[in-house]
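What follows is a single structure, written as structure tokens, with notes after it.
In what follows, every chain begins at residue 1, and chains take the letters A, B, ... in the order their sequences are listed. Predicted model, so just to flag it, every value in this text is computed and none were measured. Every heavy atom of this structure was used, including side-chain atoms; hydrogens, water molecules and symmetry mates were not.
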Amino acid sequence: MPELPDNVVYRRRIADGALNRKIAQTNVVDPRILAGVEPHRFDEVLSGQTLTETHRHGKHVFAKYGDETGWLAFHFGMTGKVEIVENGDPSEYAYIQLHFEDGGHLAFVCPRKFARVRLIDTPEAFLEEKELGPDARRVDVEAFLEQLEGRRGSIKGRLLDQQVVAGLGNIYADEALYQEGIHPATTVPELSEANLRSLYDAIQVVLDAAIDVESDPTALDPERFMLPHRYGDERCPDTGVPLETEQVSGRTAYFSPARQSPPA
DNA sequence: ACTGGCGCCTGTTTGC
DNA sequence: TGCAAACAGGCGCCAG
């Protein structure tokens, strides 16, 4: 699920529910979810620590522990999520757990195991190492244009490239392209600067709307947005024509053939 | 340097 | 109805 809006929700969840609670111990149910650190080391580092600060960039959420020690980095893959549990046992698939002294715990849940938890020095250094692009919601339009300068591939492929801009995933990229009437397979050079400026605006509108509904795409206004129809009648909310799909950059792209003409 | 394609995992949906 | 195949809101790695 997790694209930028989901990460907004998860960061808030951690900020509201996990800060300033002393970690008694950790439980790593599946060590494959930990990247670059062994479970015993992970536990050694975090036990006795307290999360003090959070940050989000694109599809990563960061949580600082201790005074000057380091940060946790969460990436949610396809099916990851974070839950704060006050009472009761961890839910199924809670492969990494931070248990607080007061009895509650943070559960990092990821049935498909594509998600990863890391220990990093700082978010800045991590973003640089991964060469991630600017956050899709904080980037300004000029920097957005610059990131697309000289690109040749499909606009959808570029929007999904986290090194171009960080945060967009399969469904919100489709939605932004729908809003702007751009077929997902259109190449970047086929788009005018005006097209790209409008697309930038559409991305902001789509992300804001998604955040407003806690990143539940089916809860978006069905009159304005395509996404609710992707999971429903599969018809264009504007024209009523059936939505079509096509593989673009290895992902299924939904689009309205009535509004988004394929490239020549 | 860029780009598209494949494989990683497993639960759920689809289709014969 | 039952089972196999296809699919899924992502990304690292590879070859062209």
Side-chain angles (χ1 to χ4, degrees), chain A residues 1-11 29-36 56-61 73-82 91-96 108-118 126-127 129-133 135-137 146-178 184-191 203 206-207 209-211 213-220 225-232 234 243-255 263:
Chain A
M1 310 172 78
E3 300 187 28
L4 188 150
D6 309 86
N7 277 265
V8 168
V9 172
Y10 299 152
R11 187 206 66 78
V29 176
D30 189 332
R32 280 179 295 183
I33 307 306
L34 278 184
R56 181 198 60 76
H57 185 102
K59 301 179 194 172
H60 283 90
V61 172
F74 299 100
H75 186 271
F76 298 98
M78 289 271 271
T79 55
K81 61 181 174 178
V82 66
S91 55
E92 205 179 2
Y93 315 122
Y95 293 128
I96 296 190
F108 186 79
V109 180
C110 54
R112 264 174 88 185
K113 303 184 177 178
F114 286 163
R116 291 293 179 269
V117 174
R118 298 179 164 77
F126 177 76
L127 300 177
E129 181 197 323
K130 293 279 177 189
E131 299 182 73
L132 291 176
D135 181 78
R137 198 142 171 271
E146 203 171 307
Q147 289 297 97
L148 289 168
E149 187 83 36
R151 300 296 189 147
R152 303 181 265 105
S154 70
I155 184 61
K156 174 157 179 181
R158 293 320 93 222
L159 293 181
L160 293 180
D161 185 343
Q162 302 298 295
Q163 299 192 341
V164 171
V165 59
L168 290 171
N170 198 38
I171 67 169
Y172 293 117
D174 277 1
E175 183 65 58
L177 292 168
Y178 165 81
T186 310
T187 62
V188 175
E190 288 171 320
L191 294 167
I203 289 168
V206 166
L207 292 177
I211 291 165
V213 294
E214 298 282 305
S215 199
D216 174 0
T218 66
L220 289 168
F225 296 101
M226 173 176 66
L227 277 177
H229 302 274
R230 180 182 188 135
Y231 304 106
E234 299 202 352
L243 297 173
E244 291 182 7
T245 64
E246 186 177 318
Q247 293 298 118
V248 178
S249 287
R251 310 297 301 281
T252 300
Y254 275 74
F255 62 97

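- In terms of phosphate contacts, A/Tyr93 brings a side-chain nitrogen or oxygen within less than 4.0 Å of OP1 or OP2 of B/dG11.
- Between the CZ atom of A/Arg137 and the CZ atom of A/Arg56 there is a distance of 7.0 Å, given to the nearest 0.5 Å.
- Rounded to a whole Å, the OH atom of A/Tyr95 is 12 Å from the P atom of B/dC9.
- B/dC2 atom P lies 12 Å from atom CD of A/Glu149, rounded to whole Å.
- Within 4.0 Å (heavy atoms only), A/Tyr254 reaches no atom of the nucleic acid at all.
- Summarising the geometry of A/Leu168 relative to A/Tyr172, their closest heavy-atom pair is CD2-CB, 4.3 Å, with the distance given to 0.1 Å.
- Here the separation of C/dA5 from B/dG7, taken at their P atoms, is 16 Å to the nearest Å.
- The side chain of A/Arg158 contributes an N or O atom lying less than 4.0 Å from OP1 or OP2 of B/dT3.
- In DNA chain C, the stems built from three or more successive Watson-Crick or G-U pairs (distances below 3.5 Å) are B:2-8 with C:10-16, B:10-16 with C:2-8.
- Rounded to whole Å, atom P of B/dC9 lies 19 Å from atom CD of A/Glu92.
- Taking the side chain of A/Glu3 as heavy atoms from C-beta on, and the options B/dT3, C/dA8, C/dG10, the nearest nucleotide is C/dG10.
- Using cut-offs of 30° and 60° for the angle between ring planes, the A/His75 and A/His60 rings count as tilted.
- Mapping A/Gly250 and A/Gln247 onto DNA chain C via the closest heavy atom, the residue that lands nearer the 5' end is A/Gln247.
- Close to C/dC11, at under 4.0 Å from its OP1 or OP2, lies a side-chain N or O of A/Lys59.
- The gap from the C1' atom of C/dG12 to that of B/dG11 amounts to 23 Å, rounded to the nearest Å.
- Across every non-hydrogen atom of A/Gly167 and A/Lys59, the tightest pair is O-CE, 3.5 Å.
- Looking at the side chain of A/Arg152, the nearest of the listed nucleotides C/dG12, B/dC2, B/dG11 is B/dC2.
- Under the stacking criterion of a centre-to-centre distance below 5.5 angstrom and an interplanar angle below 30°, A/Phe114 is not stacked against the six-membered ring of C/dC11.
- A distance of 7.0 Å separates CD1 in A/Ile33 from OH in A/Tyr95, rounded to the nearest 0.5 Å.
- Between A/Asp174 and A/Ala253 the shortest heavy-atom distance is OD2-CA, 3.4 Å.
- Atom C1' of nucleotide B/dG5 and atom CG of A/Asn170 are separated by 15 Å, given to the nearest angstrom.
- Spacing between C/dC7 and B/dG5 at atom P, rounded to whole Å, works out to 15 Å.
- Residue A/Pro184 forms a side-chain contact (heavy atoms from CB on, under 4.5 Å) with just one option from A/Tyr178, A/Phe255, A/Tyr254, and that option is A/Phe255.
- Summarising the geometry, the separation between CZ on A/Arg112 and C1' on B/dT12 is reported as 10 Å, rounded to the nearest angstrom.
- Computed from coordinates, the A/Asp174 CG to C/dG10 C1' distance equals 14 Å when rounded to whole Å.
- Contact annotation: A/Lys113 does not reach the phosphate of C/dG10 (side-chain N/O to OP1 or OP2, under 4.0 Å).
- Here B/dT10 is the nucleotide among C/dG10, B/dT3, B/dT10 with the atom lying nearest to any side-chain atom of A/Arg32.
- Nucleic acid contact for A/Lys156: none, since no nucleic acid atom lies under 4.0 Å from a heavy atom of the residue.
- Distance A/Glu131 CD to B/dA1 C1': 11 Å, rounded to the nearest Å.
- Note on A/Thr252: a side-chain N or O is less than 4.0 Å away from OP1 or OP2 of C/dA8.
- When the P atom of B/dT3 is taken as reference, atom CD of A/Gln147 falls 12 Å away, rounded to whole Å.
- For C/dG10, the OP1/OP2 oxygens have no side-chain nitrogen or oxygen of A/His75 closer than 4.0 Å.
- Residues A/Val248 and A/Leu160 form no side-chain contact, since every pair of their non-hydrogen atoms from C-beta on lies 4.5 Å or further apart.
- With distances taken from any side-chain atom of A/Arg151 to the nucleotides B/dC2, B/dT10, B/dG4, the minimum falls on B/dC2.
- Residues A/Glu175 and A/Leu227 meet the side-chain proximity criterion, which asks for heavy atoms closer than 4.5 Å.
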